[in-house]
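We count ligands from 1, going down the list as the structure has it; atoms in each ligand are counted the same way.
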Amino acid sequence: MADLYDCIIVGAGPAGLGAALYSARDNFKTLVLEKFFPGGQIINTDKVENYPGIDSIDGPGLAERLKAQALKFNAEILMGKEVTALKKLDDGKIEVTSGDHKYLARIVILAPGSGYRKLGVPGEDEFRNAGAGVSYCGTCDAPFFRGKEVVSIGGGNTAIEETLHLAKFVDKVTLIHRRDQFRATRILVDELMEKVNQPNSNIIVKYSSVATRIEGADKVQSITLKDLKTENQEDYPCDGVFIFVGMIPNTKFLKNFIELTDAGFIKCESTYMRTAIPGVFAAGDCRVGAAMQLVTAINDGVIAAMMQKQYFRDPNWWNAPATDILQPGGW
Ligand code: NAP
């Protein structure tokens, strides 16, 4: 007989650990299955400065605290447990398979996270791993580049929003895009171009260009850019490289279980994090429309964990419109 839990959480990143804290503290029998170690993307973050109420903390330190807090309320966290399959059973429970072990849950919160798409150029991994000038998050890291010159790469909404954000901190930001038209929405492109066209603007845009190499000694010092129209290469000095070329959700194992977008994000509504399968929530960067921030990932997980109570009380709540008023005391 498989072990039965009220709540099984897939993934121990911020979304999963936030969910675990709330679920366990509400006295639900809670299990977290994590493929590697708790923490998700913050494990690779030197300094977190945008977690409200904490001035500054190293990513692994915060991950440890999130884990400890969930354990304090008796959440069970198993590491090295890759979930390979999920199945909705006839009696409404959900079967979760990891290796040759099967677990049963009354609800499941999917929180496997996502990873940044990489450029795949020499220097990218080395400078990223050393925290020496390659970043995938302007919102997180812009303050570390105050007064410096940086390059940002990409042509989607993230690249433009983050370039505008970086421009508030750095002396100069050069946005590199591989085509001569942006994929981003018109309103963002207009905002960018308005700033670019101001006298003494600190934003420069280079179109039809790609990065081929990131170079430096202890820290990033330059990037090699290739103009795709002329084939000319140039060594472009910079103190940092911000890469915004999309995200890849960790959802391959879910493709036969739940509906994903073309890009692989889990489809769900974003008020209570319900998917189309009753009892299955999605939380954090794996879900469509996620804000891709530490705080918002925790927010998703907490909401999903709180809403299990509503579902247990009335399974029909699953199909109620997101705007419906919760039952009194529903939280
Ligand atoms: P995205 O929309 O997939 O854009 C990725 C960009 O990176 C594209 O411009 C793409 O170029 C470029 N790119 C991909 N691989 C590359 C490579 N190897 N070398 C150079 N450039 C490369 O990703 P995103 O901007 O992260 O956005 C993800 C999703 O979140 C989107 O649906 C977006 O609309 C949404 N989002 C929305 C908002 C908002 O509404 N405010 C903010 C942020 C994100 P091509 O254009 O040539 O393919």
Side-chain angles (χ1 to χ4, degrees), residues 15 40-41 50 112-125 127-128 134-142 150-168 173-196 203-214 220 223-229 231 233-234 236 238 240-251 259-270 273 282-297 299-300:
Q41 281 183 34
N50 54 3
S114 71
Y116 296 110
R117 180 176 289 128
K118 292 185 173 182
L119 275 185
V121 299
E124 181 177 7
D125 283 346
F127 290 112
R128 156 70 189 186
V134 169
S135 168
Y136 300 85
C137 181
T139 308
C140 317
D141 294 337
V150 302
V151 158
S152 61
I153 300 172
N157 284 333
T158 305
I160 298 209
E161 280 191 347
E162 293 282 54
T163 298
L164 289 166
H165 180 73
L166 281 163
K168 293 179 197 153
V173 50
T174 305
L175 173 59
I176 311 294
H177 182 35
R178 64 183 176 183
R179 292 188 294 132
D180 54 11
Q181 287 204 321
F182 286 112
R183 173 185 294 274
T185 51
R186 187 87 217 176
I187 190 163
L188 277 175
V189 177
D190 287 350
E191 190 184 337
L192 175 79
M193 294 324 293
E194 197 194 313
K195 294 257 160 61
V196 167
I203 308 177
I204 293 170
V205 178
K206 280 180 179 277
Y207 297 99
S208 307
S209 296
V210 291
T212 56
R213 170 180 292 277
I214 299 166
V220 168
I223 185 164
T224 309
L225 301 177
K226 183 176 162 191
D227 184 312
L228 294 174
K229 290 191 171 155
E231 298 277 306
Q233 300 235 27
E234 70 172 313
Y236 197 84
C238 61
V241 176
F242 285 80
I243 299 168
F244 309 116
V245 296
M247 302 293 296
I248 302 179
N250 303 320
T251 55
E259 203 180 346
L260 306 174
T261 65
D262 289 346
F265 292 94
I266 300 170
K267 289 193 180 176
C268 72
E269 51 85 15
S270 53
M273 314 303 150
D285 292 5
C286 64
R287 75 164 175 91
V288 69
M292 306 288 182
Q293 294 297 305
L294 165 62
V295 177
T296 55
N299 167 76
D300 281 6

Please report whether ligand 1 has a polar contact with Arg183, defined as an N or O pair separated by less than 3.5 Å (distance criterion only). yes
Counting from 1, what ligand 1 atoms have a heavy atom of Phe244 closer than 4.0 Å? 7 (O)
Do protein heavy atoms approach atom 25 (O) of ligand 1 to less than 4.0 Å? yes
Could you list the residues that satisfy salt bridge (Lys or Arg N to Asp or Glu O under 4.0 Å) with Lys168, not counting sequence neighbours? none
Taking Asp285 for the side chain and Gly113 for the main chain, is one N or O donor matched with an acceptor at less than 3.5 Å? no
For atom 10 (C) of ligand 1, tell me which residue out of Arg178, Met247, Gln181 has the closest non-hydrogen atom. Arg178
Quick check on contacts: which atoms of ligand 1 are under 4.0 angstrom from a heavy atom of Arg179? 45 (P), 46 (O), 47 (O)
Under 4.0 Å, heavy atoms only, figure out whether ligand 1 is touched by the backbone of Met292, its side chain, both or neither. neither
Taking heavy atoms and a distance under 4.0 Å, where does Phe182 meet ligand 1: side chain, backbone, both or neither? neither
When you look for heavy atoms under 4.0 Å from ligand 1, do you find them on the side chain of Leu188, its backbone, both, or neither? neither
What class does the angle between the rings of Tyr207 and Phe182 fall in, given that below 30° is parallel, 30 to 60° is tilted and above 60° is perpendicular? tilted
Quiz: residues 150-160 side-chain donor-acceptor pairs under 3.5 angstrom, not counting sequence neighbours:
from	atom 1	to	atom 2	distance (Å)
Ser152	OG	Thr163	OG1	2.8
Asn157	OD1	Thr185	N	2.9
Asn157	OD1	Thr185	OG1	3.3

Does the protein place a non-hydrogen atom closer than 4.0 angstrom to atom 29 (C) of ligand 1? no
Quick test of your reading of the structure: of Asn157, Ile248, Ile176, whose heavy atom lies closest to atom 33 (C) of ligand 1? Asn157
The option among Leu119, Thr158, Val245 carrying the non-hydrogen atom nearest to atom 14 (C) of ligand 1 is Val245
Is atom 44 (C) of ligand 1 less than 4.0 angstrom from some protein heavy atom? yes
